[in-house]
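A quick write-up on the structure given underneath.
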Amino acid sequence: MKGKLESSERQRLIEEGKNLKEGLLSLEEDLLKLTDELQQEAQCIPNMTHPDVPIGGEDFSTIRKMVGTPHEFSFPVKDHLQLGKELDLFDFDAASEVSGSKFYYLKNEAVMLEMGLINWTLLEVMKRGFTPLTTPEIVRSSIVEKCGFQPRGANTQVYSIEDSDQCLIGTAEIPVGGIHMDSIIAASLLPLKYVAVSHCFRTEAGAAGTASRGLYRVHQFSKVEMFILCRPEESDFYHEELIRIEEDLFSSLGLHYKTLDMASGDLGAPAYRKFDIEAWMPGLARFGEISSASNCTDYQSRRLGIRFRSSEPALTNPKKGKSNLAPPQFVHTLNATACAVPRMIVCILENNQQEDGSVIIPEPLRPFMGGLEFIHPKPR
């Protein structure tokens, strides 16, 4: 076009350029559509499973550890709903009118108990070298998907914001996972350990019945979450560290619990292996899940683009002009619940209830609750 051309030839080339431009736009639209379809199909593929994971549904999960025994009571046991009503600790009726079912107000000592649990857990985990975070509680849908969750599928647990590409988080694992998205981390900085405090929001689609009543299954709750990014060869080691921290925390509160190696049918899409902890809840007369710890290997980091580069030179001779650094690798990510507040409140109230209707505050929490030792019934 810059050279000397006949007018007719120049016009022909102009028309050809317009056609190429329009064709390119059409191809780009097709590419975006196909990429989206491919992404949707790829999201249906879960992570691999650890060779030692029990095969089958939830009933095939195996017990790794049993700690303590159920507390014996010499009086009729109350559940946390009855205790909460008599001690004036929460209000489900008013919350139902204001927000809908499965919402609640915490009141009086229950508020102090929530804050005490968060602050105690946070400091205990920080002692083990974790960096504290508070996180955004609204994230882009694409981040939720890259972490292995389905924000808009059938029976999703995710609250999506209408007319936007954003969602409310169901766990701090999602925004913490995104903090190093599309980056290459120096190997010398690994492992990166975070402990995050956030509110969590879950639709709890399909959840109903007496087993999920009260504080056990709610739409909004506070949680302290641990998250680790590490070298691939170290993820099994840090998975054991996470479950050990959880067990230490729950033992400190005097809970009777069991640690389970979850069966393949109960693993979420990102989990290579998952350990759950279930604590005895005497008022509900059953064990209830209070925590889980998952090794997601590179399932999330591949989607999020989180890699690390070793400072060691590559083994092969680089081509001329190329760096001799080893190529970057994907990190492994792990997550674990340090404290899901509502279920911990259930455990503390039901396991520490006294015959006179009071509840003993576990000793580790007392300095974080102004020295409070008991929650007593209120005078009527």
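Remember, it's a predicted structure, so these values are computed and weren't measured experimentally.
- Of the possible polar contacts, one joining the Y216 side chain to the E289 backbone as a donor-acceptor pair under 3.5 Å is found.
- If you run side-chain contact (heavy atoms from CB on, under 4.5 Å) between M344 and each of I118, L215, L365, L255, only L255 comes through.
- In this model, no donor atom of one side chain and acceptor atom of the other lie less than 3.5 Å apart for S61 and D276.
- A distance-only check finds no donor-acceptor pair linking the side chain of E225 to the backbone of T171 [under 3.5 Å].
- Classification of K193 and E234 as a salt-bridged pair fails, no side-chain N sitting under 4.0 Å from a carboxylate O.
- A donor-acceptor distance shorter than 3.5 angstrom exists from the side chain of N108 to the backbone of D88, with no hydrogens or angles considered.
- Not one N or O on the side chain of T333 forms a donor-acceptor pair closer than 3.5 Å with the backbone of L229.
- Aromatic ring pairs are classed by plane angle as parallel below 30°, tilted from 30° to 60° and perpendicular above 60°; the pair W280 and H256 is tilted.
- For E173 and K223, the salt-bridge test fails: no basic side-chain N is under 4.0 Å from an acidic carboxylate O.
- Residues satisfying the side-chain hydrogen bond (donor to acceptor under 3.5 Å, both in side chains) test with K65, not counting sequence neighbours, are E247.
- Checking side-chain atoms of Q157 against main-chain N and O of E204 turns up a donor-acceptor pair under 3.5 Å.
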**Asked** Should D165 and R140 be marked as a salt bridge (charged side-chain N to carboxylate O under 4.0 Å, His left out) after you check the CA-CA gap, both sets of side-chain angles, and the distance that decides it?
**Response** CA-CA 6 Å; D165 68 340; R140 299 184 189 280; 3.4 Å; yes

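- Ring planes of F75 and F73: perpendicular class, angle over 60° (limits at 30 and 60°).
- The side-chain hydrogen bond (donor to acceptor under 3.5 Å, both in side chains) check on S294 picks up nothing, with sequence neighbours excluded.
- A centroid separation of less than 6.0 Å is found between the aromatic rings of H239 and F275.
- Ring-plane geometry between Y104 and F92 is classed as tilted, the angle between the planes lying from 30 to 60 degrees on a 0 to 90 degree scale.
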